Amino acid sequence: MKASAPSDSLTRRDFVRSGSALAASALAVGLSPATTQAAEASAVVGTKPVSTPPHPLLTPADKFRDVSRGNPKPHSLKGDALVQARLTPETWRLEITADTTVNPAIKDQPGLSTPLTLADGNALDFQALMKLAEQHGVKFLKAMQCLNIPAPLGQGLWEGVPLRAVLRLCGQLRNVRRIYYWGFHNNDPKQLFQSSLSYSQAMETPPGELPAFLAYRLNGEPIPLIRGGPVRMVIPWAHGFKSIKWLQRIVVTNDYRANDTYAEQNNDPESPLKTAAYLDSLPAKIPIGRIITVSGLVISGLSGLKRVEYSLSRADAKADDAEQWTETQLEAPPADWSTVLPAGVSSRQILGFNPQTGQPATWPLRYSMVSWSASLKGLAPGKYSLRARAVDLNGFAQPEPRSNQKAGRNALEAREFEVI
Ligand SMILES: Nc1nc2c(c(=O)[nH]1)N[C@H]1C(S)=C(S)[C@@H](COP(=O)(O)O)O[C@H]1N2
Ligand SMILES: [Mo]
């Protein structure tokens, strides 16, 4: 099956017609177990084949799973505290300076000809960022995924200015091999959470790939405080920890080592987003004779996506029984992108889309996620175990070629259920 051909893929219209779209979005956004249990039971089991409940392509900004450090959390600040923290569009400022902590014995000290600082009164403000956006603004779809959490956090249409365009405001950079950055952290060094890129990663983008950028809009709206607004770094190819929220500071350094806070916790700080399939939950018990639609999400990571497969085995199967893998259906690109995108945004403007036709150049788009589904019929009573895996464009089936969890979780998920 060609997963990208609309004729043999589920269309969004099918999803909507199935009437379970609402239940599906409830699943996607992780409502309370009680709510989702009810939704699941009606969404995935029936007497007729039902289209898979989709996860919406765009996750509402307040429905992403949140991964935020800080005490108090920056997004809980209000009123004057918010102004003091410079976390309103009017008060937001970004400082860009050279590292002063580099070993003074090194003669090649990093520097930039025009540092942007609060002290000098030339720190970048929101208006100046918007001015850059007129010329350099980019938009694209990206799934946010934590290196350490076994489910995607959400997917957004992000809008921003490439980091290299911002760095250019500082004039000449000297002896810079790395760029690191952090956000508001209650002025407490212990709460600092920083991330970094090599100089080349910040400045150069392979054709068809997406640049590191400073985001100021999500799903057509200003980025809300809860998602790291007014301005957040977004690193398209990376796990969430590179996408620093409440961005306030960029430092250029001649230190060549990755100095991400995440690296101190045994994570691979250069690990790219993984191609991986994720399974939705299933009811524990399913009456015999029903058609069971199993579904989930799949992220197309660095190595792209060929297909998603499932395997179904009896829970009592011996470990050496050969596992049979069957291809699932991938959600097709929307026939009409205007039904999915925020008002005023054309798919022709989005990176990864053909600017003439407005159709995605690849599907799924790299670093984005879509739903997959499969129907199970005629199951005899008994206990079952369902697994799903992604196969990437190199032909590697998840969790290959690497199974090191600290390079991004990539375990094969399983769901147990019983047909009664
Ligand atoms: N300032 C700041 N930025 C941050 C974090 C944080 O704790 N503080 N967490 C990071 C991590 S580990 C992840 S996975 C993502 C999560 O993004 P989200 O909360 O928008 O889903 O934000 C990243 N950016
Ligand atoms: Mo994370």
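Predicted model, so just to flag it, every value in this text is computed and none were measured. Order of listing sets the numbers, starting from 1, for every ligand and every atom in it.
- Within the 4.0 Å heavy-atom cutoff, W182 does not count among the residues contacting ligand 1.
- With a 6.0 Å radius and a threshold of 12 heavy atoms from other residues, nucleotides or ligands, F396 has its CZ atom at or below the threshold.
- Residue contact check: I244 has heavy atoms under 4.0 Å from atoms 3 (N), 24 (N) of ligand 1.
- Residue-to-ligand polar distances keep G183 apart from ligand 1: every N/O pair is separated by 3.5 Å or more.
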Next item on the list: Starting from the C-alpha separation in whole Å, work towards a yes-or-no answer on salt bridge (Lys or Arg N to Asp or Glu O under 4.0 Å) for R164 and E204.
Entry: CA-CA 8 Å; R164 59 173 168 260; E204 297 181 50; over 6 Å; no
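- Distances from atom 10 (C) of ligand 1 to the heavy atoms of F184, F193, Y181, F64 show the closest one on F193.
- With respect to R389 and E413, no salt bridge is recorded, no charged nitrogen being found less than 4.0 Å from a carboxylate O.
- Proximity of R232 to ligand 1 is established by a heavy-atom distance of less than 4.0 Å.
- Of the charged side-chain nitrogens involved, none lies within less than 4.0 Å of a carboxylate oxygen, so that D99 and R178 do not count as a salt-bridged pair.
- Ring pair Y262/F241 is parallel by interplanar angle, where below 30° counts as parallel and above 60° as perpendicular.
- Near W246, with a cut-off below 4.0 Å to any heavy atom, the atoms of ligand 1 are 1 (N), 2 (C), 8 (N).
- Looking at ligand 1, you'll find an N or O of R65 within less than 3.5 Å of one of its N or O atoms.
- Aromatic pair F213/F140: ring centres closer than 6.0 Å.
- Remark: R307 engages E309 in a salt bridge, criterion side-chain N to carboxylate O under 4.0 Å.
- For atom 24 (N) of ligand 1, the closest non-hydrogen atom of the protein is S243 O, 3.0 Å.
- Looking at S271, S195, C146 one by one, the single match for side-chain contact (heavy atoms from CB on, under 4.5 Å) with H239 turns out to be S271.
- Salt bridge annotation for K242-D260: present, with a cationic side-chain nitrogen under 4.0 angstrom from a carboxylate oxygen.
- Between R69 and ligand 1, an N or O atom pair is found at a separation short of 3.5 Å.
- Close N/O approach between K245 and ligand 1 is found [any backbone or side-chain N/O within under 3.5 Å].
- Listed by number with element, the atoms of ligand 1 under 4.0 Å from a non-hydrogen atom of Y262 are 12 (S).
- Assignment of S68 to the shell around ligand 1 is supported, since a heavy atom sits closer than 4.0 Å.
- Contact atoms of ligand 1 toward L153: 14 (S), 16 (C), 21 (O) (distance under 4.0 Å to a heavy atom of the residue).
- A salt bridge is defined here as a Lys NZ or Arg NE, NH1 or NH2 lying under 4.0 Å from an Asp or Glu carboxylate O, and D66 with K245 meets this definition.
- Of all protein heavy atoms, the one closest to atom 23 (C) of ligand 1 is G240 O, 3.2 Å.
- Residue C146 holds the heavy atom nearest to atom 14 (S) of ligand 1 of all those in G70, P74, C146, G228.
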